[in-house]
Asker: 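Questions regarding the structure given below will be posed in turn.
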Amino acid sequence: MRKLLGFLGFIALVQGLGGLVGALTDRLRWGFVHRWSAFDGYEIYVSVVLLVLAVALFAAAESRGTG
């Protein structure tokens with residue numbers, strides 16, 4: 001379970017960073033934040049939420065201990 005939480009945290013981190021960089025620079029336009037039309041106008045907020053989710057997932061993975 002720890003590895004799964006770490007993997008999901010990594011995916012959330014990459015998507016959040018990619019979405020934030022894409023929203024601020026208009027150069028890097030990949031990931032599901034820019035693909036879904038439901039997030040139009042809210043890319044920065046969704047990216048920040050993904051970064052917070054990544055931190056929470058990493059913390060949950062660490063609290064699970066070894067395994």
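In this text, all values refer to a predicted model and were calculated from it rather than measured experimentally. One-based numbering along the sequence shown.
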Asker: Where is the tightest heavy-atom contact between A61 and G6, given as atom of each residue plus distance?
Answerer: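 Smallest heavy-atom distance, with atoms named: CB-N, 4.0 Å.
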Asker: Could you work out, with salt bridge (charged side-chain N to carboxylate O under 4.0 Å, His left out) as the rule, every residue matching D40, not counting sequence neighbours?
Answerer: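 D40 satisfies salt bridge (charged side-chain N to carboxylate O under 4.0 Å, His left out) with no residue once adjacent residues are dropped.
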Asker: Donor-acceptor pairs under 3.5 angstrom involving side-chain atoms of residues 45-52: please list them, not counting sequence neighbours.
Answerer:
residue	atom	partner	partner atom	Å
S47	OG	L20	N	3.2
S47	OG	E43	O	2.8

Asker: Please enumerate all residues that pass side chain to side chain contact (heavy atoms under 4.5 Å, CB included) together with V55, with sequence neighbours excluded.
Answerer: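 In terms of side chain to side chain contact (heavy atoms under 4.5 Å, CB included), with neighbours along the sequence ignored, V55 is linked to no residue.
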Asker: Roughly how far apart are F10 CZ and L5 CG, rounded to 0.5 Å?
Answerer: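 Output value for this atom pair is 15.5 Å.
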Asker: To the nearest 0.5 Å, what is the distance between CG (L24) and CD1 (I44)?
Answerer: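 Here the rounded value is 5.0 Å.
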